[in-house]
Structures are given as structure tokens and as C-alpha cells.
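Have a look at the structure below before the remarks.
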Number of protein chains: 2
Amino acid sequence: MDNTSVVKALAALAQESRLAIYRTLVEVGPSGMPAGKISESTGISPSSLSFHMKELTYSNLVTSRHESRFVIYSANFSTMNEVLGFLTENCCGGNPCVSTSTQTCLINEEQVS
Amino acid sequence: MDNTSVVKALAALAQESRLAIYRTLVEVGPSGMPAGKISESTGISPSSLSFHMKELTYSNLVTSRHESRFVIYSANFSTMNEVLGFLTENCCGGNPCVSTSTQTCLINEEQVS
DNA sequence: TCCATATTTCAATATTAGTTGAAATATTAA
DNA sequence: TTAATATTTCAACTAATATTGAAATATGGA
């Protein structure tokens, strides 16, 4: 993962509304949540939400799928893991240094890393 | 760690210059680096660097100490770990879900978590 | 003390980000 | 086809951020 992608991801999360949205999606897991319900449960207006979802999608932290007239958003766990890896990479210049970060979700018999 | 602190930390890192500074400090480890050398090795002007260091310090991602007329900055690993924890917290709403994140640095016989 | 070095502060400017409400688009149900 | 629902787009406005260069502050050495 390159510098620019990491900055994009961090910038996407560095905002109260988007952080709240992202955490909501992390908690709900891979099944995701439709835009309207995100708007409702976070108190963010639909128009503003759409703006923020674009940021989160663009940074690859969430993905979306269509289901009839709903747009279902869900957290993309692998992007987050790459970001975490980047931030702790090459820690302490070769001196004894351990850095691990794993995130595993098991839902509906399916493992999403 | 509360919402606002996490947003502050993420905002601090969501900027090319500051991300470069932070990674430089992570790589060098707890011994840190003086402002002038950071400026030199990242190509950020002293005045601009000072602005960014204030952001990073304010968000508690780096700390500073004085050594004669130098100001030595170093990464604060525990803040980063708290941020990582926050982002992966309560993953997948109670379903089987594992989230671990550790960062350990061993330098000069001293362990910095 | 006086000068050089290290860093920070400040003002000016340019750019980017977030919110609002109204209008547009798309899908489904009657 | 018409109406209702779900979501996105747009324009206008406001606020926050980043960069630059000059000046200020602080420390240490000659």
C-alpha cells in the first residue's frame, strides 16, 4: 500500500461523521447496512451522508452493493489492515521490534480477513 | 480513548508531510530525532515543520524533549495502539470476531509498548 | 557580551472540506 | 403510468488547513 492510499484512508476516517459511519459498519460486519439506515442511526442527513460515503468508498474503506432500490454499504476490513500495517512498518530501525495486527471476522461460515 | 482523540490522531496523520514525519519517527524509535534533522530528511521547511509538529504533538502521537538547543521529537507508540484498538473495536456485532493489535519496541534494554 | 544556530511565531494567501436545502435520478409498488 | 421511496447531485456558503517568508525567541560557543 502506497503513501497516497494511506493518506486517503486516514483522511476518510479523520472526521467525526465518517468515523461514526465507519464504526457502525465495522460493528454490523460484512452484511452491511443500507444508506437510509446509516443516516437514521447516525443522525447524518441523507445528502451529507452521500457525500461522506463517497469519501469512504473512494478510499476503499467501504464497499457498496445494490439491492433493489437500496444501496448497502459495508466495511472493507482488508484496507484497514493494510493501513495498520503501513503505520507500524519498519518500526525502530531494525532493532528488536514486534508489530502484529490481525483482524478476522467470521460470519455465516465465511471468513473475511 | 474517545471519539474526539481518535479523530485528532487520524487527522494528524492524514497529511503527506505529517505521515512522512511520523513514519520517520517510528523507524528511528524511542531515541527520537531533532527538528532540524527531521526537516532535512523530509525536505519540509523549518517553519512548516514546526506547524506540523505542533499538530502531531497536540494529537499525542509524538512527544518532545529539549536537549540543549535542540528539540528532540519521538513517536508515542501507545497512542497509535489505542487508535488501532478503537478502529477495530466491537467488530462484527458479537459474532466470532478476533481483533488483536500489538506493537512492541525493545531498545536499549527498555521496552516501550 | 556578541554572534551563530535551532526552532517557533506570525501575517498573508490559496486551497480544500463540510453543511444545507432544493432538484435530479432510479427503482419499486399500486 | 403515476406516485412514493431511496439515494445522489448541485450550488452557495462558511470554516478550516497548508505554505511561504520574515521576524521573534532561546540557547550555546567564541
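Each chain gets a letter, A, B and so on, in the order its sequence line appears, and its residues count up from 1.
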Handout entry: Proximity to DNA chain D (any heavy atom under 4.0 Å), residues of residues 58-70 of chain B only
Key =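 Ser68(B), Arg69(B) - these, ordered by number, are the residues of the stretch whose heavy atoms sit under 4.0 Å from the strand.
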Problem - Tyr73(A) side chain near dA6(D) phosphate (N/O to OP1/OP2, under 4.0 Å) - result: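 Indeed not, no polar side-chain atom of Tyr73(A) lies that close.
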Handout entry: OP1 or OP2 of dT7(D) under 4.0 Å from side-chain N/O of Lys54(A)
Key =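 No, no such contact exists.
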Practice task
Provide the closest heavy-atom pair for Ala9(B) versus Leu61(B) in the form atom of the first, atom of the second, distance.
Solution key: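 Heavy atoms of Ala9(B) and Leu61(B) come nearest at O-CD1, 3.4 Å.
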Completion exercise
Each nucleotide of nucleotides 11-21 of chain D classed B (base within 4.0 Å of a protein heavy atom), S (only sugar-phosphate) or -, in 5' to 3' order, makes -------BBBB
Handout entry: Verify same cluster id: Leu25(B), Tyr58(B) (apolar side-chain graph, 4.5 Å)
Key =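 As far as the 4.5 Å side-chain criterion goes, Tyr58(B) and Leu25(B) are not connected within one cluster.
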Donor-acceptor pairs under 3.5 angstrom involving side-chain atoms of residues 10-21 of chain B: please list them, not counting sequence neighbours.
residue: Gln15(B); atom: OE1; partner: Ser17(B); partner atom: N; Å: 3.0
residue: Gln15(B); atom: OE1; partner: Arg18(B); partner atom: N; Å: 3.1
residue: Glu16(B); atom: OE1; partner: Asn3(A); partner atom: ND2; Å: 3.3
residue: Arg18(B); atom: NE; partner: Ala12(B); partner atom: O; Å: 2.6
residue: Arg18(B); atom: NH1; partner: His52(B); partner atom: ND1; Å: 3.0
residue: Arg18(B); atom: NH2; partner: Ala11(B); partner atom: O; Å: 3.3

Practice task
Applying side-chain hydrogen bond (donor to acceptor under 3.5 Å, both in side chains), name anything that partners Ser48(B), two or more places apart in sequence or on another chain.
Solution key: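 Not a single residue meets the side-chain hydrogen bond (donor to acceptor under 3.5 Å, both in side chains) criterion with Ser48(B).
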Practice task
Could you identify which residues cluster with Ile72(A), counting Ile, Leu, Val, Met, Phe, Trp and Tyr as linked when any side-chain heavy atoms lie under 4.5 Å apart, either directly or through a chain of such contacts?
Solution key: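 Besides Ile72(A), the hydrophobic cluster comprises Phe70(A), listed by chain and residue number.
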Check the distance between [N]'s [atom2] and [X]'s [atom1] and give it to me in whole angstrom.
| X | N | atom1 | atom2 | answer |
| --- | --- | --- | --- | --- |
| Glu16(A) | dG18(C) | CD | P | 12 Å |
| Glu40(B) | dA6(C) | CD | C1' | 13 Å |
| Met53(A) | dT8(D) | CE | P | 8 Å |

Practice task
Can you measure from CG (Asn76(B)) to OH (Tyr22(B)) and round to the nearest 0.5 angstrom?
Solution key: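 That separation rounds to 7.5 Å.
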Handout entry: salt bridge (charged side-chain N to carboxylate O under 4.0 Å, His left out): pairs with one or both residues in residues 50-72 of chain A, sequence neighbours excluded
Key =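 Checked against salt bridge (charged side-chain N to carboxylate O under 4.0 Å, His left out) - neighbours excluded - the pairs reaching residues 50-72 of chain A are Arg65(A)-Glu67(A).
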Problem - Polar side-chain atom of Thr57(A) near backbone of Thr63(A) as donor-acceptor pair, under 3.5 Å - result: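 Not a single qualifying donor-acceptor pair exists.
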